[in-house]
Number of protein chains: 2
Amino acid sequence: MHLSNTSKYTIRILANMVNHKDTTLISAKELSDNLKIPYKFLTKIMTELVRVGFIESIRGREGGYKFLRPASEITVGDILELFNDSIKDEECILGIDSCNAKQKCALHDKWIKSKIQLQKMFKESTIESIAAEGNKI
Amino acid sequence: MHLSNTSKYTIRILANMVNHKDTTLISAKELSDNLKIPYKFLTKIMTELVRVGFIESIRGREGGYKFLRPASEITVGDILELFNDSIKDEECILGIDSCNAKQKCALHDKWIKSKIQLQKMFKESTIESIAAEGNKI
DNA sequence: TTTAATTACTACCCTAAGGTAGAATTAAAT
DNA sequence: ATTTAATTCTACCTTAGGGTAGTAATTAAA
Ligand code: SF4
Ligand code: SF4
């Protein structure tokens, strides 16, 4: 009942990029130092974020990363989806083969309530809001 | 954001044992057939459940399993704890190193709300209630 | 006493996640 | 041109979860 390391790292990475206003670009080294994320693992994530178009990379000396899609338009839900980490509608609590509205398991109603709440939180939390003033990252 | 297969299986196994009133004992073969859980994997789980004292096993021909602790006193939370699958209080959504009441991440308040709700559900759901009349298992 | 049905034990195998190592590529600075 | 700082690519390692195979131990029935 938790997010993968990759998802958690990504949320913090992107939020840190929002807060980095000094120059336009930020390097993998800086991010790794800021967030205490293993450098080699971070670069692997970065390459994936470039591939899917969340961010852009500039190679070579003085290179680094910057947003391609604005941070206000990237949600936590988007990130979870990218890393196959989101709560799927059909993926339910006891994973019973044939379950539907008529035949429920005992946990169904309560689980659905929490599930919707979490899905809403993920969908409504943008990277910009994560990075907002005063929040720990 | 989901339970492990082992936890899901265990919940369904124990609930199925409650519903099995024919004789006192139920065998691994029956449980495996009833629930479509791989036989060998199921027996591995059963041995663990015996070890921790939820159930008792009778070996040899006509053997099988029965409850040691009553089903009304085993909760879903107990099972999740056994398989290291529960939502720990200190294990929070973004897993940031140093977080406390003063310095929160943006998701904190909403996450805490869902977390408490889920923990409550797990703690209050007994195997007996899971197995209650009309519930899918 | 043998046989069949059962649990328990030991030892694997496979996959995905997390992580690491090293070299190749790029491009600015010197 | 050379050096240096950066990203990217390829290939691997380790661990935990999920699952399988074979066999030993146990016990009631035949
Ligand atoms: S009854 Fe509901 S909670 Fe239970 S397995 Fe089906 S969909 Fe999931
Ligand atoms: S601020 Fe709250 S939700 Fe965020 S990491 Fe800390 S305890 Fe978890």
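No hydrogens, no waters, no symmetry mates; every other heavy atom, side chains included, goes into these values. Each chain gets a letter, A, B and so on, in the order the sequences are listed, and its residues count up from 1. Predicted model only: the values in this text are computed from it and were never measured.
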- Item | Distance in angstrom units between Glu56(A) CD and dA6(D) P, rounded | 18 Å

- Message: What is the distance, to the nearest angstrom, from the OH atom on Tyr39(A) to the C1' atom on dG22(C)?
- Response: 12 Å

- Taken to the nearest whole Å, NZ/Lys44(B) to P/dC12(C) is 13 Å

- Query: For the helix from dT1(C)-dA30(D) to dT30(C)-dA1(D), how many degrees between its two end axes (five pairs per end), to the nearest 10°?
  - Reply: 20°

- Item | Interatomic distance where CZ belongs to Phe41(B) and C1' belongs to dC14(C) [whole Å] | 13 Å

- Task: Please check if any side-chain donor atom of Asn16(B) sits under 3.5 Å from a side-chain acceptor atom of Glu30(B), or the reverse.
- Result: no

- Could you state the CG-P distance from Asn5(A) to dA16(D), rounded to the nearest angstrom? 14 Å

- Task: Just compare dT20(D), dA29(C), dT7(D) and give me whichever is closest to any side-chain atom of Glu62(A).
- Result: dA29(C)

- Query: What is the distance, rounded to the nearest whole Å, between atom CD1 of Ile13(B) and atom P of dG18(D)?
  - Reply: 13 Å

- Query: Among the nucleotides dA29(D), dT6(C), dA8(C), which one has an atom lying closest to any side-chain atom of Arg61(B)?
  - Reply: dA29(D)

- Rounded to whole angstrom units, what separation is found between the CD atom of Glu48(B) and the P atom of dG19(D)? 16 Å

- Query: Looking at dT7(D), dT7(C), dA28(C), which one has an atom nearest to any side-chain atom of Arg59(B)?
  - Reply: dT7(C)

- Message: If you compare every side-chain N and O of Tyr65(B) against the phosphate oxygens of dA8(C) (OP1, OP2), does one of them come in below 4.0 Å?
- Response: yes

- Comparing nearest nucleotides in DNA chain D, the 5'-proximal residue of the pair Gly60(A), Phe83(B) is Gly60(A)

- Query: Looking at Cys105(A) and Ile93(A), what are the two nearest heavy atoms and their distance?
  - Reply: SG-CG2, 4.2 Å

- Item | Candidates dG18(C), dG18(D), dT6(C) - which lies nearest the side chain of Ser27(B) | dT6(C)

- Item | Ion pair Asp33(B)/Lys29(B), N-O distance below 4.0 Å | yes

- Message: Taking the basic N atoms (NZ, or NE/NH1/NH2) and the acidic carboxylate oxygens, is any pair closer than 4.0 Å for Glu124(A) and Lys120(A)?
- Response: yes

- Task: Check whether any side-chain N or O of Asp85(B) sits under 3.5 Å from a backbone N or O of Ser4(B) as a donor-acceptor pair, and report yes or no.
- Result: yes

- Query: Do Ser114(A) and Gln117(B) have side-chain N/O donor and acceptor atoms under 3.5 Å apart?
  - Reply: yes

- Message: Whether Asp78(B) and Arg69(B) form a salt bridge (side-chain N of Lys/Arg under 4.0 Å from carboxylate O of Asp/Glu) is what I want to check.
- Response: yes

